[in-house]
Amino acid sequence: MAEKYIRIHGDNIVECDRTLSMIHESLGGTITLMDSPIFMPTYEVKIRDHVFRIELLSGHGRWGVNIGNHLMENGGILREGADSYISEVLGGEEKLLLAIEYCSALPAGNNAWQRNGRALSSVLAGVPYLFMAELGGVELNGKREAIAPRKPNPIVPFSYLTTTKDYSTLCTPVYRPHPSITDELYSFFNDVFGYSDSLNIIRGILLGYDIEESIGILANKSLILVETLSGEKKRATTLKGNAWTEYLECDDRANWILQNSKMIWNKKTSDKVKTPQRMKYLLVEAKSLKLNTIGASDIPICLIPKTRINEFEELLKQKYSELEISLPKDKPLAVVWITGYKPTGEDSRPDRGLCPLAKMVLKDSAHIISIVYGPAKEKTWKLLEKGIDVLASNNGLWQSIYKICDGVLIDSVTKAKPEYIKIKQLPIIAQSELKISYNSEYNVTHSEHDIDTAIHQILTRSGLAECLCNPPGGDWSGINFYRNGNIYRWTSLPRVSEIGGKRPDHVFQQELNDGNLFISIESKGKGSDLEDGIGINLIAYLNDLFSLVPTSIKRVNTEWRLYNNRADLGEYHVISVGAFIYKNDEELKVQIERGSLDCIIAFEFQKPSVVHILSNDNGQLVENFVKKASERIRGFEVKIH
């Protein structure tokens with residue numbers, strides 16, 4: 001019987017567990033949790049002639065492996081890793097077999113292209129890429145009422161198609177129904193759902209089968225989605241019908257779109273972000289030039305033919321006469337307009353996907369420059385003074401600019417002077433695979449990641465239903481409530497509720513005849529990081545949320561659908577828990593009182609690990625669940641205080 005040693009490197013335990021589930025679904029057979037540390041679980045999946053030992057490593061960069069660095073060293077453009085990577089250990093090396101990204105955010109606005117940088121970076125570094133996304137989600141108003149479905153701009157799934165074609169590799173979105181989908185939207189998108197096809201790809205990769213047919217099926221579904229989305233638009237804001245196929249198949253896409261499309265770039269501007277006056281005038285006058293698009297008129301990327309680059313260059317020089325601006329003119333020019341920063345100066349993470357989006361669509365058929373005008377914090381410009389390469393090494397947005405653009409114009413209200421920086425780009429060559437040194441020895445510094453992994457491992461095996469698991473970088477897209485065979489779900493969760501409640505990191509539920517029990521958990525690396533009175537806020541959040549209309553429902557033997565009605569939830573009771581790394585017995589007493597908590601769970605990670613529990617009368621039920629789990633899985637001992 002063939003044995004394979006597989007590792008899942010995940011951003012957190014949620015992504016590791018999702019990927020493990022996909023592997024198990026793709027292979028079938030049996031799955032068993034092996035004797036392993038509660039912070040680094042190992043599973044065994046057995047099918048007829050294969051055994052897979054699968055190790056879950058939550059938290060990128062913590063296990064003697066920094067995949068982001070390896071991606072950059074092997075030709076990637078971002079040091080930012082995908083949500084999870086499947087690798088196979090072969091002797092002294094790990095071969096990265098597949099990157100998987102998970103996204104439950106509504107696929108509209110700038111969220112649509114947030115992952116483009118990760119996708120392109122993985123492909124260029126030699127790692128096939130699957131983007132697991134959802135369709136049919138609805139936007140909620142301030143009262144959490146469903147007001148409108150949100151759909152992606154067709155240029156985004158199209159960019160994955162071009163990348164798959166241009167680099168002869170797997171770079172594909174996989175669409176599933178969003179929990180809040182309506183029957184009407186399910187029918188609308190039915191031909192593009194491709195989860196089972198993604199399982200065929202994973203099975204083929206793990207067993208060495210040819211996956212070209214499955215890649216082709218998913219690519220065709222993406223093309224159907226592109227044509228469907230563009231076909232329903234009343235105004236000519238995107239290409240239509242067979243034009244997308246022609247655009248995809250040609251090698252010189254920049255000139256094709258310039259010759260075959262009359263769409264005018266018309267990106268809307270927003271007053272939310274403070275912008276220098278000169279930049280506002282530039283945006284207005286650039287739109288008055290009636291420039292072309294790269295396939296969709298309402299995204300912040302315009303395309304200029306060679307014959308008009310001088311005209312655009314003169315406009316820039318007119319507005320910024322103090323700068324030396326010289327644009328490349330030997331082929332068309334794509335201009336990427338990047339806000340880059342929120343009104344308060346924090347990074348606008350989705351914007352780091354804009355330059356990769358332009359590159360994925362156009363490849364080498366056009367030069368690319370960017371214009372950045374958001375109010376970055378002063379430390380950003382301090383780093384820029386040391387060189388754009390220095391800034392790029394510290395920031396994902398500037399990495400994407402530095403690795404893709406031929407130049408960048410910067411004008412920000414927080415920067416003393418505008419600046420134009422010319423960047424010399426070398427030809428981008430995609431690698432065929434990525435292998436890294438296998439490191440079986442690790443000296444991991446335990447953190448909140450390990451707390452979340454341990455909680456997830458223990459309480460899911462205690463007889464409780466997991467309603468939410470939200471570790472660092474995790475999924476806070478919804479909380480479930482199990483009731484009489486139905487599952488109600490609240491999506492698009494706020495971080496805090498209107499009454500001051502705090503969104504938990506974990507929620508578990510036990511269905512009881514006389515009501516439901518919920519365990520609401522806040523996890524931190526250190527006990528001192530817990531907020532004063534956090535227990536009160538954890539309970540308040542769930543009480544507030546459950547008083548509102550659920551977004552969706554999964555009835556017995558049916559799929560998720562939009563609900564948006566009042567639900568009879570019956571009686572329920574909430575226990576508040578704080579979890580952190582054990583320091584000493586005294587700290588348990590201090591934190592349960594300071595946090596107004598019902599229970600403290602503190603982890604002492606060793607071999608075996610020790611789970612310390614201190615609770616009041618209300619929280620003693622937690623002790624029973626943890627003890628029950630200790631009878632079912634190994635790797636830890638329980639100490640009641």
Side-chain angles (χ1 to χ4, degrees), residues 14 104-106 137-148 178-180 452 455 459 464-472 474-484 486-512 514-524 529-554 560-579 591-592 594-600 616 618-619 621-622:
V14 169
S104 298
L106 295 179
V138 295
E139 186 177 5
L140 305 178
N141 63 16
K143 298 179 181 179
R144 294 191 54 79
E145 298 168 332
I147 55 174
H178 191 277
S180 64
D452 291 317
I455 290 171
L459 292 184
L464 295 167
E466 188 173 49
C467 306
L468 169 72
C469 184
N470 178 35
D475 177 17
W476 45 274
S477 58
I479 287 180
N480 291 344
F481 192 123
Y482 296 81
R483 172 75 168 161
N484 297 332
N486 298 326
I487 309 174
Y488 300 97
R489 185 170 179 82
W490 290 259
T491 64
S492 301
L493 301 176
R495 185 179 184 277
V496 296
S497 63
E498 291 185 5
I499 61 174
K502 165 69 170 60
R503 185 180 66 224
D505 293 317
H506 303 264
V507 178
F508 292 89
Q509 177 188 357
Q510 184 185 43
E511 291 188 82
L512 303 169
D514 58 347
N516 286 275
L517 170 68
F518 286 89
I519 300 175
S520 183
I521 305 174
E522 175 80 352
S523 62
K524 294 292 185 183
D529 291 336
L530 291 171
E531 300 170 16
D532 291 347
I534 184 64
I536 297 170
N537 294 331
L538 292 173
I539 295 172
Y541 185 95
L542 291 187
N543 286 336
D544 188 34
L545 188 70
F546 293 158
S547 71
L548 303 173
V549 173
T551 317
S552 52
I553 187 172
K554 187 180 187 303
W560 286 102
R561 286 295 185 273
L562 180 69
Y563 187 64
N564 209 27
N565 290 308
R566 287 288 169 187
D568 178 15
L569 302 179
E571 298 294 325
Y572 66 86
H573 176 64
V574 183
I575 295 174
S576 63
V577 177
Q591 302 307 338
I592 197 170
R594 187 175 68 85
S596 299
L597 291 155
D598 295 316
C599 180
I600 291 290
N616 60 23
N618 193 35
L621 285 171
V622 177

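Note that these values count all heavy atoms, side chains included, but never hydrogens, waters or copies made by symmetry.
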Please answer whether the main-chain N or O of [Y] pairs with a side-chain N or O of [X] as donor and acceptor at a distance below 3.5 Å.
X: Arg566; Y: Pro550; value: no
X: Gln509; Y: Tyr482; value: yes
X: Ser576; Y: Leu538; value: no
X: Arg483; Y: Asn516; value: no
X: Trp490; Y: Leu548; value: yes

Would you mind checking if Glu531 and Lys502 are paired as a salt bridge, meaning a charged N to carboxylate O distance below 4.0 Å?
->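 Result for this pair is no, no salt bridge flagged.
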Is the shortest heavy-atom distance from the side chain of [X] to the side chain of [Y] under 4.5 Å?
X: Tyr572; Y: Asn543; value: yes
X: Ile479; Y: Tyr541; value: yes
X: Asp568; Y: Asn484; value: no
X: Thr491; Y: Ser552; value: yes
X: Ser180; Y: Leu562; value: yes
X: Arg503; Y: Asn470; value: yes

For Tyr563, enumerate each residue passing the ring-ring contact (aromatic ring centres under 6.0 Å, His included) test, keeping only those at least two apart in sequence or located in another chain.
->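 Counting only residues at least two positions away or on another chain, Tyr563 forms a ring-ring contact (aromatic ring centres under 6.0 Å, His included) with Tyr488.
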Reported [atom1]-to-[atom2] distance for the pair [X] and [Y], which is rounded to 0.5 angstrom:
X: Ile534; Y: Asp529; atom1: CD1; atom2: CG; result: 11.5 Å
X: Leu542; Y: Leu468; atom1: CG; atom2: CG; result: 8.5 Å
X: Glu522; Y: Asp505; atom1: CD; atom2: CG; result: 4.5 Å
X: Arg489; Y: Asn480; atom1: CZ; atom2: CG; result: 4.5 Å
X: Leu621; Y: Ile519; atom1: CG; atom2: CD1; result: 7.5 Å
X: Ile575; Y: Ile539; atom1: CD1; atom2: CD1; result: 9.0 Å

Considering residues at least two apart in sequence or located in another chain, which fulfil the side chain to side chain donor-acceptor pair (under 3.5 Å) criterion with Arg561?
->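 Scan of Arg561 (side chain to side chain donor-acceptor pair (under 3.5 Å), adjacent residues dropped) gives Asp183.
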For side-chain contact (heavy atoms from CB on, under 4.5 Å), just list the numbers for Val577 and Ile455, CA-CA rounded to whole Å, side-chain angles, deciding distance to a tenth of an Å, and then say yes or no.
-> CA-CA 11 Å; Val577 177; Ile455 290 171; over 6 Å; no
What pair of heavy atoms forms the shortest contact from Trp560 to Ile487, and how long is it?
->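 In terms of heavy atoms, the two residues are closest at CZ3-O, 3.3 Å.
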Output all residues satisfying side-chain contact (heavy atoms from CB on, under 4.5 Å) with Glu466, sequence neighbours left out; order by chain, then residue number.
->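 With sequence neighbours excluded, Glu466 shows a side-chain contact (heavy atoms from CB on, under 4.5 Å) to His456, Thr460, Cys469, Phe508, given in chain and number order.
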Apply side-chain contact (heavy atoms from CB on, under 4.5 Å) to Leu597 and Gln591, showing your working.
-> CA-CA 8 Å; Leu597 291 155; Gln591 302 307 338; 5.5 Å; no
Parallel, tilted or perpendicular, as decided by the 30° and 60° cut-offs, for the rings of Phe546 and Phe481 =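 Rings of Phe481 and Phe546: perpendicular, as their planes differ by over 60°.
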